[in-house]
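To start, the structure itself, in structure tokens.
Numbering of ligands and ligand atoms starts at 1, following listing order. Heavy atoms only: backbone and side chains are in, while hydrogens, waters and symmetry mates are out.
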Amino acid sequence: MSKIIIKDAVKKYGDNVVVSGLNVEIGDNELFTLLGPSGCGKTTLLRMIAGFNSIEGGDFYFNEKRINDMAPEKRNIGMVFQNYAIFPHLTVRENVEFGLKNRKYDKALMTEETNKFLKAMQIDAFADRLPEKLSGGQQQRVALARALVIKPDVLLMDEPLSNLDAKLRLEMRRFIRKIQKEVGITTVYVTHDQEEAMAISDKIAVMKDGVIQHLGTPEDIYKRPKNAFVANFIGTSNFVNAKLKAGKVCFSDEYEISIEALKDKKDQDLVVSVRPEEFVIVQNDQVGIRGIIKDTSYLGMNTHYFIELSEDNTVEVIQESADALIPDNTPISLQVKSHKINIFDERGSENLLRCDSFESA
Ligand SMILES: Nc1ncnc2c1ncn2[C@@H]1O[C@H](COP(=O)(O)OP(=O)(O)OP(=O)(O)O)[C@@H](O)[C@H]1O
Ligand SMILES: [Mg+2]
């Protein structure tokens with residue numbers, strides 16, 4: 001129930017600048033995910049929003065209210081930390097009740113709400129145990145219940161599902177999403193797991209070295225990544241070199257395609273990213289990028305082919321398994337689905353197919 005606006009945020013640890021001039025706006029009731037490699041600054045930014053980190057520059061707002069100097073406990077935040085710090089001397093039930101007690105909830109209502117969240121997190125059977133007698137995944141769910149039960153304005157979650165097995169992860173992520181939408185909690189969610197990010201988020205910010213590389217919907221980020229780093233980080237991408245000549249994208253082996261959107265761009269070297277499902281294998285001397293099938297994984301509906309294009313570039317190609325398998329060591333050619341692939345400048349820093357790249361051009 002609160003917009004979060006961050007303007008020109010700066011974070012330094014000593015002389016080490018971890019975040020320099022970061023700007024972002026997180027919408028009311030949005031589930032916003034920070035995704036990026038280890039050490040890129042996700043936890044740092046989350047702790048700045050929570051009030052647990054000093055801020056070396058910039059302004060943080062919840063709606064119109066500047067919160068830079070507001071004490072953490074005044075911010076009506078629910079938090080689940082990376083190391084799920086729950087109170088060791090309180091039972092599971094007391095941990096979950098904690099925030100409600102502080103908010104002076106009536107006893108009957110407190111019990112009812114606590115029971116609801118203990119049950120949803122599947123920890124009701126351990127309600128009277130101390131945390132030391134729980135597994136890591138169970139403790140993590142106590143932390144989740146404790147954060148959600150107070151129905152905060154802002155929920156901050158740092159890898160909240162990292163200790164859970166695959167099945168529980170799926171159940172919990174659906175529950176988080178449901179509560180978040182029901183109650184309308186603006187949520188900042190941190191994860192390494194790009195599939196989890198895609199499944200749960202309204203918006204994703206892909207970060208690298210303290211800088212947001214691309215902020216968009218899961219679909220936008222997957223289909224039209226802003227740069228090669230984002231293409232590589234989200235899903236699987238193969239990269240091949242090409243040249244833009246008179247509006248045509250020219251690959252090796254005389255394979256070229258026309259892309260309407262590039263017809264007025266200047267001749268240049270390109271990096272093309274092609275997802276495994278965006279290649280088409282052709283045989284019988286049809287034109288394409290030539291390669292040799294090195295390895296095959298048959299997975300029922302689909303088959304994954306690993307195809308060597310050159311000594312230092314082997315690409316992954318996924319085809320429907322409808323046709324007969326192509327044996328290893330067969331020479332083939334690859335064509336691309338030209339409306340799906342992404343085309344970057346030589347350094348991989350700009351996607352030439354994005355409208356925003358035309359605006360800046
Ligand atoms: N208290 C600290 N003092 C000094 N440097 C720190 C401190 N906390 C974090 N850093 C540094 O700041 C950078 C960002 O750290 P941060 O914890 O925000 O990364 P992260 O994106 O959350 O990574 P991970 O995915 O591994 O949790 C790292 O280089 C880290 O070493
Ligand atoms: Mg972290």
Fill in the blank from the handout: Residue, atom and distance of the protein heavy atom nearest atom 23 (O) of ligand 1 read Gly39 N, 2.8 Å

Problem - Glu195 with Arg173: basic N within carboxylate O range, under 4.0 Å - result: yes

Practice task
State whether the shortest distance between N or O atoms of Lys42 and N or O atoms of ligand 1 falls below 3.5 angstrom.
Solution key: yes

Problem - atom 31 (O) of ligand 1 protein-contacted (non-hydrogen atom, under 4.0 angstrom) - result: no

Practice task
Decide, yes or no, whether a salt bridge links Asp345 with Lys266 under the criterion of side-chain N to carboxylate O below 4.0 Å.
Solution key: no

Practice task
For Glu97 and Tyr105, test the side chains for any donor-to-acceptor distance below 3.5 angstrom and give the result as yes or no.
Solution key: no

Exercise for the section: State whether Ser38 contributes an N/O/S atom found under 2.8 Å from the Mg ion (ligand 2). Expected result: no

Fill in the blank from the handout: Value for CD (Gln268) from CG (Leu244), rounded to nearest 0.5 Å, stands at 5.5 Å

Exercise for the section: Identify, by atom number and element, the atoms of ligand 1 in contact range of Val18, meaning under 4.0 Å from any of its heavy atoms. Expected result: 12 (O), 13 (C), 14 (C)

Exercise for the section: Pick one of side chain, backbone, both or neither for how Met207 approaches ligand 1, counting any non-hydrogen atom pair under 4.0 Å. Expected result: neither

Problem - NZ or CZ of Arg141 within 45° of Phe126 ring axis and under 6.0 Å - result: no

Handout entry: N or O pair under 3.5 Å between Thr43 and ligand 1
Key = yes

Handout entry: Polar proximity ligand 1 side, Gly41 side, N/O cut 3.5 Å exclusive
Key = yes

Practice task
Using distance alone, with no hydrogens and no angle criterion, decide if Asp8 and Asn23 have a side-chain donor and acceptor under 3.5 Å apart.
Solution key: yes

Completion exercise
the protein heavy atom lying closest to atom 9 (C) of ligand 1 turns out to be Tyr13 CE1, 3.4 Å

Problem - Atom pair CG (Asp106) and OG1 (Thr111), whose distance is rounded to the nearest 0.5 Å - result: 8.5 Å

Fill in the blank from the handout: for atom 26 (O) of ligand 1, nearest protein heavy atom and its distance come out as Ser38 OG, 2.5 Å

Problem - Plane angle bin for Phe175 and Phe117 - parallel if under 30°, tilted between 30 and 60°, otherwise perpendicular - result: perpendicular

Problem - Heavy atom of protein closer than 4.0 angstrom to atom 13 (C) of ligand 1 - result: yes

Practice task
Check the side chains of Ser54 and Lys11 for a donor-acceptor pair under 3.5 angstrom, ignoring hydrogens and angles.
Solution key: yes

Completion exercise
re atom 27 (O) of ligand 1, the protein heavy-atom contact at minimum distance is Gln82 NE2, 2.9 Å

Practice task
Say whether Cys40 and ligand 1 are in contact under the criterion: heavy-atom distance to a ligand atom below 4.0 Å.
Solution key: yes

Practice task
Any atoms of ligand 1 less than 4.0 Å from a non-hydrogen atom of Thr44? List them with their elements.
Solution key: 14 (C), 15 (O), 16 (P), 18 (O)

